[in-house]
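These notes are about the structure you will find just below.
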There are 2 protein chains.
Amino acid sequence: MTHSRFRPPTMADVARVAGVSHQTVSRVLGDHPNVRDETRARVLRAIEEMGYRRNSSARALATRRTRTLGVVASDTTLYGPASTLFALEEAARAEGYLVSTVSLRELTVETLSEALDHLSEGGVEGVVAIAPQRSAVDALAGLRHPFPVVIVGSGPGVDIPSVSVDQHLGARLATGHLLAAGHRKVWHLAGPEDWQEAADRAAGWRATLEAAGVEPPMLLRGDWSPLSGYRAGQELAGWVGRGLTAVFVANDQMALGVLRALREAGVRTPQDVAVVGFDDIPESEFFAPPLTTVRQDFSTVGKQGIALLLELIEGRPPATTPRIAIEPQLVVRASTFPYAAQPEGVPL
Amino acid sequence: MTHSRFRPPTMADVARVAGVSHQTVSRVLGDHPNVRDETRARVLRAIEEMGYRRNSSARALATRRTRTLGVVASDTTLYGPASTLFALEEAARAEGYLVSTVSLRELTVETLSEALDHLSEGGVEGVVAIAPQRSAVDALAGLRHPFPVVIVGSGPGVDIPSVSVDQHLGARLATGHLLAAGHRKVWHLAGPEDWQEAADRAAGWRATLEAAGVEPPMLLRGDWSPLSGYRAGQELAGWVGRGLTAVFVANDQMALGVLRALREAGVRTPQDVAVVGFDDIPESEFFAPPLTTVRQDFSTVGKQGIALLLELIEGRPPATTPRIAIEPQLVVRASTFPYAAQPEGVPL
DNA sequence: CCATGAATTGTTAGCGCTCACAATGACCTC
DNA sequence: GAGGTCATTGTGAGCGCTAACAATTCATGG
């Protein structure tokens with residue numbers, strides 16, 4: 001409550017009040033077994049009375065452990081990064097680590113370098129980078145840093161330990177679902193070229209079509225935003241009646257824009273054109289129509305990311321660069337089947 | 001790169017290599033003016049060569065400053081909290097502070113208490129709490145902590161310094177806009193009772209109606225989710241033809257659900273019922289129809305929040321509890337006027 | 001009753017840095 | 001050329017904690 005100029009009590013102060021040595025106080029705080037119950041109680045009482053709290057800096061200095069991890073991220077207002085961030089923090093806290101975040105507007109060599117410096121000044125023991133762009137991964141690879149770094153959200157690119165959802169599989173699920181529903185061809189609105197996820201999803205889409213003996217049609221690109229989806233949707237609407245019956249959109253937000261453009265062009269979803277998204281943001285279920293999409297388990301990504309980082313910090317360096325892939329899941333809703341059921345959770 | 005067992009170089013090591021005292025190295029690092037250029041260069045060269053980095057714990061111990069702030073938040077995947085979080089981190093970094101975050105699933109006395117303890121163990125100098133629920137604010141007020149705390153996102157409740165958007169004003173803008181458009185009555189789908197923002201928006205709505213001499217109709221409640229909006233929308237649809245022509249929904253996500261329910265009930269927006277939301281999430285512009293809503297400037301909230309906290313940390317305690325209110329802004333789109341213009345940014 | 005060892009507590013020495021002050025030397029001024 | 005000033009550098013003492021070791025107490029058995 002009061003944060004006065006008065007110096008907060010130290011371990012020595014507590015020791016004096018409790019009539020023991022500072023080391024005994026340290027033992028009590030450290031849950032050391034060899035402390036008499038009566039002594040422990042006396043110390044705890046003094047701690048309580050004085051409102052004593054261990055000084056983390058002194059502790060970190062003596063132990064050479066800050067128990068702090070860093071996270072570098074961008075686009076943290078997007079559902080994916082925000083979810084990953086949340087999962088990372090939760091997992092880290094469960095392990096007793098504090099998480100310091102740096103949120104960047106864009107990931108360049110300069111901003112990443114500054115971010116790592118900033119985190120380093122803050123004494124982090126390791127860093128998780130939510131770096132979905134290849135350029136960011138490359139930039140990261142070229143940077144020196146005195147702690148281990150794990151990349152999350154980008155597939156295996158350069159030689160940095162990573163955890164990510166298997167985007168290629170997700171795209172195969174989405175595309176395969178459309179083919180299985182009888183569509184002859186599936187179009188694709190991809191994300192930005194530089195994004196690893198976008199590339200992986202496009203590759204999965206292409207691979208599925210080719211495996212089915214279908215020539216992949218022209219690929220469209222957006223920037224993840226609903227607006228770019230809207231524009232692409234207007235273009236796509238022009239192909240209706242010329243073989244376009246199904247679109248796999250690389251994320252849900254763009255899919256929202258596509259749905260709107262199609263609707264405005266008088267194209268019905270899913271009767272005329274089926275649409276599949278990617279991410280399963282909470283809103284997808286309430287789009288018009290509810291969106292079939294691919295769900296990514298960010299919670300697992302976060303847990304695995306922290307686990308991997310802690311291993312690198314605490315254990316000995318592994319022989320090969322660890323890469324962890326997590327399976328995504330197809331969620332079928334009304335945007336791919338005509339007259340589909342009500343959205344999940346709505347009693348009818 | 002290599003994070004070996006070998007002890008990293010200390011200031012003394014650098015001093016030895018550069019042929020100066022450790023204090024001179026400290027001066028160079030601290031940009032102290034009285035160092036000969038030649039000496040400075042020699043020291044910098046040694047630092048570069050050895051890859052030296054100042055030990056933050058030792059520094060923090062000696063200066064009694066960790067230059068770390070804490071943030072406690074919940075629902076960080078929602079647009080509002082995520083934006084606030086981002087703004088806070090950016091503002092703090094601009095001031096040279098590191099931000100440690102704790103993201104909670106819910107804000108109770110227990111979780112908040114643990115979060116503050118965790119941050120305290122990490123040595124934060126102050127904390128910003130993104131605590132939109134009154135219960136959270138109350139819980140916070142009852143907790144002891146050895147550092148100043150600022151609340152962001154909740155209006156003035158108890159006696160804790162706060163920064164927030166003027167929700168009452170936002171609600172007046174929304175409700176007034178509907179009345180000005182000729183609607184006789186405006187219904188309201190409110191957020192959870194416990195949320196300060198929900199209460200303020202409901203109060204602003206009620207005040208505007210009463211000022212216009214209109215009896216406020218029954219108030220509906222949701223939980224911010226599209227699903228709850230959908231359910232409320234079904235109920236609202238039943239009142240169409242019995243005086244319901246306009247709804248002010250307390251956030252955009254619920255508005256999405258309302259729009260869908262109305263559409264499914266054969267009610268047209270805005271011709272039959274006009275809808276206004278709150279938040280201006282990026283998707284709102286692409287709803288069907290694009291949503292009129294109230295925009296909150298989270299960036300300013302973040303800057304002001306950090307500024308206030310730093311003042312409390314660095315300056316002397318203010319005489320009265322500081323409360324900062326930020327003005328929101330009405331964004332008019334197609335959900336309130338029939339045949340409205342295309343969404344912003346879309347050339348047509 | 002004293003040796004033996006386990007349990008408990010205390011003592012000392014850093015961890016790596018900054019702060020306050022002391023010391024050095026160059027340069028002026030009268 | 002003595003005394004004073006200023007810029008530059010060095011010295012010593014902590015900051016508050018933990019780790020390693022030393023010391024003390026206590027129970028136990030031959």
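Reminder, nothing fancy here: chain letters follow the sequence lines and each chain counts from 1.
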*Tell me whether the OP1 or OP2 atom of D/dG10 has a side-chain N or O from B/Thr24 closer than 4.0 Å.*
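Result: yes.
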_Does a side-chain N or O of B/Thr10 approach OP1 or OP2 of C/dG16 to a distance below 4.0 Å, or not?_
no
d([atom1], [X]; [atom2], [N]) in whole Å:
{"X": "B/Arg42", "N": "D/dG10", "atom1": "CZ", "atom2": "C1'", "answer": "14 Å"}
{"X": "B/Leu61", "N": "D/dG14", "atom1": "CG", "atom2": "C1'", "answer": "9 Å"}
{"X": "B/Arg65", "N": "D/dG16", "atom1": "CZ", "atom2": "C1'", "answer": "18 Å"}
{"X": "B/Arg59", "N": "C/dG16", "atom1": "CZ", "atom2": "P", "answer": "16 Å"}
{"X": "B/Gln23", "N": "C/dT24", "atom1": "CD", "atom2": "P", "answer": "17 Å"}
{"X": "B/His22", "N": "C/dC19", "atom1": "NE2", "atom2": "C1'", "answer": "11 Å"}
{"X": "A/Arg40", "N": "C/dT8", "atom1": "CZ", "atom2": "P", "answer": "9 Å"}
{"X": "A/Arg64", "N": "C/dC15", "atom1": "CZ", "atom2": "P", "answer": "7 Å"}

*Full working for side-chain contact (heavy atoms from CB on, under 4.5 Å) between A/Leu88 and A/Ile130*: CA-CA 10 Å; A/Leu88 286 170; A/Ile130 305 179; 4.0 Å; yes
_Any base atoms under 4.0 Å from B/Thr39, or only sugar-phosphate, or nothing? Heavy atoms, all strands._
sugar-phosphate
*Assign A/Asn34 to base, sugar-phosphate, or nothing according to its heavy-atom contacts below 4.0 angstrom with the strands shown.*
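Here A/Asn34 touches the bases of the nucleic acid.
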*Relative to the 5' end of DNA chain D, which residue comes earlier, A/Arg27 or A/Ala12, by the nucleotide with the nearest heavy atom?*
A/Ala12
*Using the closest heavy atom to pick a nucleotide of DNA chain D for each, name whichever of A/Ser26 or B/Arg36 lands nearer the 5' end.*
B/Arg36
*Go through the side-chain N and O atoms of B/Ser100 and A/Ser100 and say whether any donor and acceptor fall under 3.5 Å apart.*
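Yes, A/Ser100 and B/Ser100 have a side-chain donor paired with an acceptor closer than 3.5 Å.
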_Return whichever of A/Ser21 or A/Ala62 has its heavy-atom-nearest nucleotide of DNA chain C closer to the 5' end._
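Mapping each residue to its closest nucleotide by heavy atoms, the 5'-most match is A/Ser21.
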*Inter-residue atom distance A/His145.NE2 - A/Leu140.CG, 0.5 Å rounding*: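 Between atom NE2 of A/His145 and atom CG of A/Leu140 there are 5.5 Å.
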_Just to verify, which of B/Val128, B/Ile306, B/Thr101 counts as forming a side-chain contact (heavy atoms from CB on, under 4.5 Å) with B/Leu69?_
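Output: one option passes, namely B/Ile306.
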*asked:* Can you tell whether the side chains of B/Arg45 and B/Glu49 come within less than 4.0 Å, N to carboxylate O?
replied: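 Salt bridge absent between B/Arg45 and B/Glu49.
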